[in-house]
Amino acid sequence: MLKKKKMCQHSNTLLHFLRHVSFPPDAHLLPSALKSCHAQPLARALHAAAAVSGLAEDPFVASSLLHTYIRLGATSAARVVFERMPDKSVVGWSALIAGYSARGDAEVAWGLLERMRSAGVEPNVITWNGLVSGLNRSGSALDAVKALVRMHGEGFLPDATGVSCALSAVGDVKEVSVGEQLHGYVVKAGCRLDQHVVTALIDMYGKCGRADEISHVFYESSHMDVASCNALVAGLSRNAQVSEALLLFSEFVSRGVELNVVSWTSIVACCVQNGKDLEAVDLFRKMQSKGIEPNSVTIPCVLPAFANVAALMHGRSAHCFSLRKGFLHDVYVGSALVDMYAKCGKVRYARTIFDAIPSKNTVSWNAIIGGYAMHGEAANAVQLFCLMQKCKQKPDLVTFTCVISACGQAGLTEEGRHYFNEMQHSHGISPRMEHYACMVTLLGRAGKLDEAYDLINEMPFEPDGCIWGSLLGSCRVYGNVFLAEVAAEKLFELEPENTGNYVLLSNIYASKKMWDGVNRVRDQMKNMGLKKEKGCSWIEIKNKVHMLSAGDSSHPMMTAITEKLKQLTIEMSRLGFAPSTDFVLHDVEEQEKDDILAVHSEKLAVALGLISTSPGTPLRVIKNLRICGDCHEAMKFISCFEGREISVRDTNRFHHFKDGKCSCGDYW
DNA sequence: ATAGGGTTAG
């Protein structure tokens, strides 16, 4: 911002100079004036001044004008200057070719190259580099690679600059074989000592999915600068090598390499993209303690981490920070805030943020519609969906996933079916796996299990684990052993390591008192060496996120937590609020019945919340698995007995408990 | 007095 202001002041000085200086600008003065010119109108003014003084044809002035117009993106004006140049040198041709390449006009650029040759001027390495670089930067990576291949075919050996931008283009189109050839050339030509080349190689291999080569290139070169760090972290993140990225990042830090906001943003994003939310939160704090201020990219990168662990206080402070910095107008920041507030249980705040985003995009709309879906507010989701279309914003694949799942959460079976059809017939979007999964959930919830099974059989592609998992879940609710066995058989094949499926099937057998089945599934699990998935919950108390997991007694307050739970259990049975054993929905954790202390993590989290906050404070808990019926009943009791609003976000949706009732209407 | 390069994002 400041820089721009300075430039404007500078331009004003130049204009002032042009208007008031009594002697005419000369051929020596104009090129330096043009060099410092940063706006098209000023360039045109200088051009006019040159023309009036008869200097426009001077080779230096003309060349400066040409380069200035190219630099400012005024390609046509540059062309006019160029065509009038009496002696068209390789410099002029190169500039013009670079200009058209940077606009993505590959055809024009190639045409100029031909014209140049017929005029008897041969392109040099700089001409070629300009062509490759321009095409790459304009997003025509494929054209850039083509240009590079042709350059090589014509006997021009790319230098470090050429190789760098060619590698960047290769990464964008994932032409790893071309990349490898370039790598070979780099080794032969000896330019692998060039830092930019090393960085570009790391970037290219990262984008082409070759994590092994990233480390290889990095360890072979001994360069440790900001750029190589950024490329490394991004490359490793893309390839899910999060531990490697964290290790190398800390190495850069301890070596005293001066890392910038991009480096810190990259490592935060790396953690978020690879499921390390708490590490991301930690690194975000560390970044600030090192004096690096987050920018408008950092904020949307870190917000999903806050959202995932429901760190509302952190999210709120990111919101305030964005407000102070003027980031709220940024659609990325806005959409990420909408998502964060919705996932932290504050769907009203999410709406407020959403309404204030000046130019909303599909992601913004999806965030708010998905937010309403998560909270079971189907009417609002549908209303926003209609508004979206009124605002001429095209719904995409994600939008329909949100709308159909909203209908499913609220039991609007026919509406859901309607949107599923409309998606195909009115919007020309063919349903993908996730849409079928939503439909199976929707039909399953309504008890239309046979219809759900028919839909699965009609799918034009092989159903995945989510689809069968959804059917199995509905079978648990409606006690359909036959379809449960069909779904489970597929699931054991598709995702043999997913313990939740075994537990679910075992629970279905148990609910029907089919003990043979129960034992068979348990043996199967034991034989495969599978352990029950550990449930864990998070609760934010006074700006700190606490993680509690079932069977883990490492939390410092564990004695008090257990005491509180014991007391609640006593009160519960005293008041006749005994959980029905028949209503153990979605118990994917399966506690050992005889182990009284093995309590589901959400209960531990709520107990911690109860003893650490003042009476009446709402509690928000998030859980990595679905909430079980037992805990669901307990939460209803606690909300009533303790007079607290409790919200539990499980993998599926939000449950808002208040006065002994849940917003899901006991269906989930 | 006139030409060229790498890294981050829902």
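Throughout, protein chains are lettered first and strands after them, A, B, ... in sequence-line order, and every chain is numbered starting at 1.
- Taking the side chain of A/Asn230 as heavy atoms from C-beta on, and the options B/dA9, B/dT7, B/dT8, the nearest nucleotide is B/dT7.
- Between the P atom of B/dT2 and the CZ atom of A/Arg71 lies a distance of 11 Å, rounded to the nearest Å.
- Atom C1' of nucleotide B/dA3 and atom CZ of A/Phe60 are separated by 13 Å, given to the nearest angstrom.
- A/Ala62 comes within contact range of no nucleotide atom at all, as no heavy-atom separation falls under 4.0 Å.
- Looking only at side-chain heavy atoms (C-beta outward), A/Tyr185 and A/Leu157 come within less than 4.5 Å of each other.
- If you measure from atom CG of A/Leu236 to atom C1' of B/dT7, you get 13 Å, rounded to the nearest angstrom.
- Contacts of A/His28 with the nucleic acid, taken as non-hydrogen atoms under 4.0 Å apart, include base atoms.
- Note on A/Arg238 versus A/Glu244: no salt bridge recorded, every NZ/NE/NH1/NH2 to OD/OE distance being 4.0 Å or above.
- Atom CG of A/Leu34 is separated from atom C1' of B/dA1 by 11 Å (rounded to the nearest Å).
- Whole-Å rounding puts the A/Leu55 CG to B/dT2 P distance at 16 Å.
- Within 4.0 Å (heavy atoms only), A/Ala234 reaches sugar-phosphate atoms of the nucleic acid but no base atom.
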For this session: Check the pair A/Phe400, A/His427 against ring-ring contact (aromatic ring centres under 6.0 Å, His included), reporting the backbone distance first and the verdict last.
Result: CA-CA 10 Å; A/Phe400 282 100; A/His427 298 270; 5.2 Å; yes
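- Salt-bridge annotation for A/Lys207 and A/Glu213: absent, with no side-chain N of the basic residue lying under 4.0 Å from a carboxylate O of the acidic one.
- Ring centroids of A/His47 and A/Tyr69 are separated by less than 6.0 Å, placing the two rings close together.
- Under a 4.0 Å N-O distance rule, the pair A/Arg84/A/Glu57 does not qualify as a salt bridge.
- Contact annotation for A/Asp225: base contact, defined as any heavy-atom pair under 4.0 Å involving a base atom.
- Comparing B/dT7, B/dT2, B/dT8 by their closest approach to the side chain of A/Ser168 singles out B/dT7.
- Summarising the geometry, the separation between CZ on A/Phe82 and C1' on B/dT2 is reported as 14 Å, rounded to the nearest angstrom.
- Between the CH2 atom of A/Trp264 and the P atom of B/dA9 there is a distance of 17 Å, rounded to whole Å.
- OP1 or OP2 of B/dA3 has at least one side-chain nitrogen or oxygen of A/His67 nearer than 4.0 Å.
- Nucleotide B/dA3 holds its C1' atom 10 Å from the CG atom of A/Leu66, rounded to whole Å.
- Salt bridge annotation for A/Arg210-A/Glu180: present, with a cationic side-chain nitrogen under 4.0 angstrom from a carboxylate oxygen.
- At the heavy-atom level, A/Asp194 lies under 4.0 Å from base atoms of the strands shown.
- Within the 4.0 Å cut-off from OP1 or OP2 of B/dT2, at least one side-chain nitrogen or oxygen of A/Lys35 is found.
- Among the nucleotides B/dA3, B/dA9, B/dA1, the one closest to the side chain of A/Pro31 is B/dA1.
- Among the atoms of the strands shown, none is found under 4.0 Å from any heavy atom of A/Ser32.
- Candidate nucleotides B/dT2, B/dT7, B/dG4 were compared by shortest atom distance to the side chain of A/Asp203, and B/dT7 ranks first.
- Between atom CE of residue A/Met287 and atom CG of residue A/Asn260 there is a gap of 9.0 Å, rounded to the nearest 0.5 Å.
- Sorted by residue number, the members of residues 124-152 of chain A with any non-hydrogen atom under 4.0 Å from DNA chain B read A/Asn124, A/Ile126, A/Asn129, A/Ser133, A/Arg137.
- Here the side chain of A/Lys207 is nearest to one of B/dG4, B/dT8, B/dA3, namely B/dT8.
- For A/Ser266 against B/dT8, no side-chain N or O and base N or O form a donor-acceptor pair under 3.5 Å.
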